[in-house]
Amino acid sequence: MAGPGLEAGDPRGRLRLGGDFFGRPCVGLAKALLGQVLARRLPDGRELRGRIVETEAYLGGEDTASHSRGGRRTARNAAMFMKPGTLYVYQIYGLYFCLNISSQGEGAAVLLRSLEPLQGLEAMRQLRLSQRKGGHPPAKPPKDWQLCNGPSKLCQALAINRTFDQEDLASAPDLWLEPGPEAPAEALVCSPRIGISGDWAHKPLRFYLRGNKCVSVVDKAAEQAT
DNA sequence: CAGAGGATATGCT
DNA sequence: GCATATCCTCTGG
């Protein structure tokens with residue numbers, strides 16, 4: 001028996017977090033995802049792994065910062081309204097991708113903002129450099145801690161694009177979630193989401209592991225308040 | 001360290 | 001047309 005939220009895993013015999021893990025309210029899922037390991041198998045068979053260290057909750061309805069605000073569905077955000085565990089991958093600024101996981105709640109989803117790279121760092125570096133966008137070609141190779149320290153960086157590093165949109169993280173063949181080796185040793189920090197303006201800009205809907213080098217934006221004030 | 005600029009898909013006023 | 005859940009490089013204090 002695998003236990004709550006767990007199902008028989010990938011060919012390596014590891015456990016994979018199953019559908020019932022995702023079926024909880026958005027904020028609860030955003031917190032529960034911290035410390036879990038996102039695993040990716042590339043077409044050539046290489047496996048990449050990273051520990052989730054930063055997430056954001058995007059609620060439906062009243063949350064004016066959410067793509068699903070007001071309960072509006074579009075071709076882009078359809079995955080937000082699908083069953084918990086469904087991936088929502090969208091393109092931002094016409095250039096980059098962001099990876100979200102649908103939670104319980106109408107139109108609610110969790111944005112994955114950063115990972116701590118664990119395995120396949122060289123492949124990640126290669127993917128980051130080969131997919132660089134924007135008008136600034138010459139690049140210094142990223143340090144290990146900056147391979148996945150941002151929502152679009154982690155998508156580049158794991159070669160995640162729109163083909164993953166509307167896939168189910170509980171059953172996708174090349175992308176899955178494994179339970180973290182242990183409960184996170186770092187304390188949970190709650191702070192405002194990044195890049196948001198408007199009424200909901202200050203709501204504490206971003207969650208990260210305190211002191212982790214791979215967190216994209218450290219909020220000293222929020223940490224002080226703990 | 002802060003700010004500017006650029007690349008540019010998608011949805012909305 | 002305009003704003004946006006971004007990232008990278010260069011510039012000036």
Side-chain angles (χ1 to χ4, degrees), chain A residues 26-27 29-31 33-34 38 50 52-81 86-103 105 107-115 117 124-166 189-208 214-222:
Chain A
C26 198
V27 167
L29 180 62
K31 294 178 181 177
L33 283 167
L34 294 175
L38 185 65
I52 299 172
V53 299
E54 182 182 3
T55 61
E56 286 179 357
Y58 285 88
L59 316 182
E62 302 302 300
D63 183 358
T64 53
S66 175
H67 288 171
S68 59
R69 69 184 87 77
R72 277 190 291 275
R73 291 171 192 243
T74 65
R76 180 178 64 163
N77 72 11
M80 297 185 85
F81 295 87
T86 304
L87 299 174
Y88 170 43
V89 180
Y90 72 94
Q91 200 164 13
I92 186 173
Y93 297 109
L95 294 169
Y96 299 102
F97 295 102
C98 290
L99 174 65
N100 301 252
I101 302 171
S102 173
S103 73
V110 176
L111 169 71
L112 299 189
R113 277 200 65 91
S114 24
L115 308 178
M124 292 181 186
R125 206 182 317 278
Q126 185 183 331
L127 285 161
R128 285 288 312 284
L129 290 171
S130 65
Q131 297 176 82
R132 294 188 63 268
K133 317 263 178 163
H136 306 282
K140 284 165 259 187
K143 305 293 187 187
D144 291 354
W145 58 271
Q146 26 182 248
L147 285 170
C148 306
N149 66 335
S152 296
K153 294 182 189 179
L154 76 86
C155 284
Q156 276 193 343
L158 299 193
I160 290 169
N161 55 44
R162 190 170 284 157
T163 63
F164 286 89
D165 188 46
Q166 300 186 19
V189 178
C190 307
S191 89
R193 293 172 292 185
I194 301 301
I196 303 297
S197 57
D199 293 344
W200 282 60
H202 69 282
K203 304 248 182 209
L205 292 173
R206 181 171 72 115
F207 309 96
Y208 67 86
C214 301
V215 170
S216 64
V217 181
V218 169
D219 185 335
K220 293 278 203 211

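Chain identifiers are assigned alphabetically (A, B, ...) following the order of the sequence lines, protein sequences preceding nucleic acid strands; residue numbering begins at 1 within each chain. Basis for what follows: all heavy atoms, side chains included, without hydrogens, waters or symmetry-related copies.
- Considering only the side chain of A/Leu95, B/dA7 comes nearest among B/dA7, C/dA5, C/dC7.
- Taking the six-membered ring where the residue is Trp, the centroids of A/Tyr90 and A/His67 are separated by under 6.0 Å.
- An aromatic stack links A/Tyr58 and the base of C/dA5, using centre distance under 5.5 Å and interplanar angle under 30°.
- Although no hydrogens or angles enter the test, the distance criterion places no donor-acceptor pair under 3.5 Å between the side chain of A/Asp165 and the main chain of A/Arg162.
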Secondary structure string for DNA chain C (Watson-Crick or G-U under 3.5 angstrom, | for other-strand pairs): ||||.|||||||.
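- Put simply, the side chain of A/Thr86 does not reach to within 4.5 Å of the side chain of A/Phe81, judged on heavy atoms.
- The side chain of A/Arg162 approaches B/dA9 more closely than any other nucleotide in the set B/dG11, C/dT6, B/dA9.
- Considering only side-chain N and O atoms, A/Arg73 lies nowhere under 4.0 angstrom from the phosphate OP1 or OP2 of B/dG11.
- Within the structure, every side-chain polar atom (N or O) of A/Thr74 is placed at least 4.0 Å from both OP1 and OP2 of B/dT10.
- The backbone N or O of A/Phe207 lies less than 3.5 Å from no partner atom in the side chain of A/Glu56, so there is not a single donor-acceptor pair.
- Nucleotides C/dA5 and B/dA2 place their C1' atoms 22 Å apart, quoted to the nearest Å.
- More than 12 heavy atoms of other residues, nucleotides or ligands lie within 6.0 Å of CD in A/Gln166, so this atom counts as buried by the packing criterion.
- Between A/Leu99 and A/Gln146, the residue whose closest nucleotide on DNA chain C is further toward the 5' end is A/Leu99.
- Sorted by first and then second residue, the side chain to side chain donor-acceptor pair (under 3.5 Å) pairs involving residues 192-205 of chain A (not counting sequence neighbours) are A/Asp63-A/Arg193.
- Considering only side-chain N and O atoms, A/Arg72 lies under 4.0 angstrom from the phosphate OP1 or OP2 of B/dC12.
- An OP1 or OP2 oxygen of C/dA5 is reached within less than 4.0 angstrom by no side-chain nitrogen or oxygen of A/Arg206.
- At C/dC8, one or more side-chain N or O atoms of A/Lys153 fall inside 4.0 Å of OP1 or OP2 (strictly under the cut-off).
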